[in-house]
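This structure is a prediction, so every number in the text was calculated from the model and none was measured.
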Amino acid sequence: MADNKNKRTAPTIQDVLNGQTAKPRARFKSGYTGPRKALASAASGVTAPMPSAARPAGTYRSGGILDYAWIAYCVVLSIALTTAVIAYVHGVGKSREGIYYPNNVFTINGVVKDIFADYRNGGLGSAHNSASSTQTAQADAAAENTASTDNDALLGQTSTSSVPNSTTGATMTLDVGDSTGSYPEAASYEELLTQLDSALAAKDIDFVGSKLSYEDEESKTLIGYPQSVVEHFTQYMADNSDKRETFLAGIKDESEFSAKNGSAYLVKLPLLQFTINMGYDQTTISISGFSDQTMDSGQSAIVSPLLPCMYTIHAETAKGSQTSEVECNMNEGNLKINIGVTD
């Protein structure tokens, strides 16, 4: 029958959790002192093991892998900190017109970068509205050019304007072979020159105007001179017989100066003109055979068609006036006249 009095009891789980196992407990001492136990101890020379000391309450040892998890955590943290420092040194310190941002942030490349650049260049969406931007720039440039032109005009610096020609009287009608004037129809070019000499001396403006012509550069048709120009030319030749003689000798070559208009012989002269370059504002120009014109500084005027003779050019300004005699000849088809302008 079991001895319940000396029965050994094991600690329960609750005792372990509450630290009750650390309390000293009475050990069962056997009262047997028989020979077997004594002999066994003497033969082995080993004393019976003493019970190990009890651990302090509340201390435990897991003995698992979690004991080494802090090492891995420290390694990962070190890598993260190193990466952050490198990114900061190479990215945050760079400026973009006073705006700081990290270059190495992943989203800064692509859409975010484009939007940011677009914003810095004038607003979101401006880069995708290039046509409108171009039109705006062109409009601004046109407005600036207009303002510049207006200012230049006020300062008298325009350079492309020209004064239109203005003469007195209609263009003379050329003879086509049915003339009923003072002279019969010339049978040759030589005979025409003889008649023209007499008409110039007699100041026969109608006959002279019906026989002198120039060729239109585009249509190649023969055109008569303005009546005012013919009047001035005829008067000049009547007053200067030497000039009349020189003129008739200069157009003697029939192959160069003769022309037929219908059945009538005509004299075909080269187109002669003056180019006047003005250096003063509000200047009134008077030229023999032409009506007065007002010019400003920087303007140019082409005066034509001219007949080969002397012309009086008078320039009148608020500060004074100047009069010059300028001869037009067939050796200088386009004579430049500078008034207050130095080439």
Side-chain donor-acceptor pair present, [X], [Y], cut-off under 3.5 Å:
X: S213; Y: N261; answer: no
X: T284; Y: D292; answer: no
X: Q227; Y: E231; answer: yes

> So, do L266 and D175 sit near enough that their side-chain heavy atoms are less than 4.5 Å apart?
Replying inline: yes

> Do M310 and Y236 have side chains that get closer than 4.5 Å, going by heavy atoms?
Replying inline: yes

Answer yes or no: does atom [atom1] of [X] have more than 12 heavy-atom neighbours from other residues, nucleotides or ligands under 6.0 Å?
X: K252; atom1: NZ; value: no
X: E191; atom1: CD; value: yes
X: E245; atom1: CD; value: no

> Under 3.5 Å, is there a donor-acceptor pair between the side chain of Q195 and the main chain of L192?
Replying inline: no

> Would you find a donor on one side and an acceptor on the other, under 3.5 Å apart, between the side chain of K220 and the backbone of E217?
Replying inline: yes

> Which residue pairs pass the ring pair (Phe, Tyr, Trp, His ring centres under 6.0 Å) test with at least one member in residues 238-270, sequence neighbours excluded?
Replying inline: F233-F247

> So, for L272 and N329, which heavy atoms are closest and what is the spacing to 0.1 Å?
Replying inline: CD2-O, 3.9 Å

> With the threshold set at 4.0 Å, does a side-chain nitrogen-carboxylate oxygen contact exist between E185 and K211?
Replying inline: yes

>> Evaluate S219 against D216 for side chain to side chain donor-acceptor pair (under 3.5 Å), listing each step before the verdict.
In response: CA-CA 6 Å; S219 63; D216 182 74; 2.8 Å; yes

> Hey, do the aromatic rings of H232 and F290 have their centres closer than 6.0 Å?
Replying inline: no

